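Note sheet for the following structure.
By convention in this document, chain letters (A, B, ...) are assigned in the order of the sequence lines, proteins followed by strands, and residues within each chain are numbered from 1. Predicted model, so just to flag it, every value in this text is computed and none were measured. No hydrogens, no waters, no symmetry mates; every other heavy atom, side chains included, goes into these values.
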Number of protein chains: 2
Amino acid sequence: MTKQVNFEKIAHQPAYRVVSEKIRNAIVSGEIKTGELLPTETKLAEQFGVTRSTVREAIRLLEHGGILGRADRKRLVATLPPTETVGRSVSSALLMHQVTYEELWQVAMGLEPLASKLACTAATRKDKLLLAANLVHTREIMDDHDALLDAEIEFHNLLAEATHNSALLLARAPLNELFYPAAWGAVIRALSPGERILVAHQHIYGAICENNPDKAEEWMKKHMLDFRRGIEMGNLGFDQPVKG
Amino acid sequence: MTKQVNFEKIAHQPAYRVVSEKIRNAIVSGEIKTGELLPTETKLAEQFGVTRSTVREAIRLLEHGGILGRADRKRLVATLPPTETVGRSVSSALLMHQVTYEELWQVAMGLEPLASKLACTAATRKDKLLLAANLVHTREIMDDHDALLDAEIEFHNLLAEATHNSALLLARAPLNELFYPAAWGAVIRALSPGERILVAHQHIYGAICENNPDKAEEWMKKHMLDFRRGIEMGNLGFDQPVKG
DNA sequence: AATTGACATATTGTCGGACAATGAGTCAAT
DNA sequence: ATTGACTCATTGTCCGACAATATGTCAATT
């Protein structure tokens, strides 16, 4: 084992990555404001001193992350990655990693009651109105299971938005996209009419209006336990991977 | 307002998106196993009946999401997106959305005690050994604030891994990458010696070994409250955006 | 046997130019 | 106010080319 000189490995990033990073920086640093249109591909190519093909590859790199979007299907526009985009990638990663109902339920049990509690102090008048509207709508479509799922998801999402906490919103994205849709079939069969669901939602809404965090948290926990019971009673095992 | 026929808007995705989706499906469906090499760009181009440029754009689309990686800087290989990659994109999204210390703390307050509780029943012998090793190491580097931060993050991460819940692991990624590093400066000044931190960690570890979920949860809550106090006492405001 | 050198080959990164399709704007005709 | 014809800008896609670099083979050297 003779002593050897160690050179640090040289970087040499491909040009499309460099260009991609430059554009990214320009956006996150605010040099290009969100919503603003970017120069056209040809102009970018000129400015960076590369070919249009290279610029296009750089753009694709950012496009998927949601940093770049299309204004009207033509021009590109700088956009802050909408939580949706990031949320979707989280969900798809979880799917690929064979996340189970139980894992998602545990996270739900941690986040949803928290959201309820926080919403009590953070909810604005507008948030409450939206929740109220959701309840009315839910009562109307009580028999349509598909529509009821949408309403259920919307309720929990409105609740999360009422906390005005973007970190929480993002952390619970997989619940919207994976947990509720996947668990729904079993849950709705177990809690035969959607009555129990609506009652829980109403109590949570009531607690928020009364500014009663503890009550909101408690009812959400009950609601989540109902979900657990539904999944366990359904034919889908609690420790089975969620199927997208 | 005359009645009008409504046609559903026609899709027409650009080819590079179609190709991208095809490849993505081939990977997530397991048709191409992870770690396996993909055909070369030229062959893909032939198979899909498009040009190499188009294939390359499709590849860039996937490359950013971590579904495709480089084997050796030449050939492409299929890889499951490592949780790291996804976690980073979540964190950077939160940064851009000017997430505040308070928002992150609230999420931490929801997830970390949950992790402690779950770890009590899910932790394997190996998990406990890793935690114990972390405690020993922490005691040794008590005076090196930077090293202490790393140990702190590692402790919480080991704890989360001990739950064997990938959804939880992903949901709390921003805590590792944003919350703890950003809050650390203030916290370490407020809780002058790291003594209080170590004590909390030890009690949590003890609770896990005794299989005492309630105790684990309680001590983690105390630990989190210490963080809150630290941030509030520090010069950085609790409602200020976290700076990356 | 192990290293080295020379060489052909395969694959990616980058370039340049070309054309079709489509969206946006202008202006005249109805 | 709507329609039609026209131009122009921009993106999507194609083609062909070349340089740089990894890979593989084989002989020559030590």
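- The interatomic distance linking A/Leu44 (CG) with C/dC15 (P) rounds to 14 Å, in whole Å.
- Comparing the helix axis at one end of the helix from C/dA1-D/dT30 to C/dT30-D/dA1 with that at the other, each defined from 5 consecutive pairs, gives an inter-axis angle of 30° (nearest 10°).
- To the nearest angstrom, P of D/dT11 lies 18 Å from CD of B/Gln13.
- Taking the charged nitrogens against the carboxylate oxygens, B/Arg60 and B/Glu57 have no contact shorter than 4.0 Å, which rules out a salt bridge.
- B/Arg17 comes within 4.0 angstrom of nothing in the nucleic acid, heavy atoms only.
- Using a 4.0 Å heavy-atom criterion, one finds that B/Ser53 contacts the bases of the nucleic acid, with or without backbone contacts as well.
- Under a 3.5 Å cut-off, the side chain of B/Thr79 and the backbone N or O of B/Gly66 do form a donor-acceptor pair.
- Look at B/Tyr16 and you'll find a side-chain N or O under 4.0 angstrom from OP1 or OP2 of D/dG12.
- Summarising the geometry, the separation between CG on B/Leu37 and P on D/dT23 is reported as 11 Å, rounded to the nearest angstrom.
- Atom CG in A/Leu61 sits about 12 Å away from atom P in C/dT14, given to the nearest Å.
- In this model, a side-chain donor or acceptor of A/Arg52 finds a partner on the base of D/dT13 within 3.5 Å.
- Rounded to an integer number of Å, the gap from CZ of A/Arg56 to P of D/dC15 is 15 Å.
- With sequence neighbours excluded, the residues that form a side chain to side chain donor-acceptor pair (under 3.5 Å) with A/His164 are A/Asp127.
- Nearest-nucleotide mapping onto DNA chain C: of B/Thr40 and A/Gly49, the residue sitting toward the 5' end is B/Thr40.
- Checking the phosphate oxygens (OP1, OP2) of C/dG13, a side-chain nitrogen or oxygen of B/Arg60 falls inside 4.0 Å.
- A salt bridge links B/Arg172 with B/Glu112: at least one charged nitrogen is closer than 4.0 Å to a carboxylate oxygen.
- Across the protein-nucleic acid pair, B/Phe48 atom CZ and D/dT13 atom C1' stand 16 Å apart, rounded to whole Å.
- No side-chain donor-acceptor contact under 3.5 Å links B/Gln13 to the backbone of B/Val18.
- Of all nucleotides listed (D/dC15, C/dC15, D/dG12), D/dC15 comes nearest to the side chain of B/Thr51.
- The aromatic rings of B/Phe227 and B/Trp184 lie tilted to each other, with the angle between the two planes from 30° to 60°.
- Residues satisfying the side-chain contact (heavy atoms from CB on, under 4.5 Å) criterion with B/Ser20, sequence neighbours excluded, are B/Ala58, B/Leu61, B/Leu62.
- Residue A/Thr54 is in sugar-phosphate contact alone, with no base atom involved, counting any heavy-atom pair closer than 4.0 Å across all strands shown.
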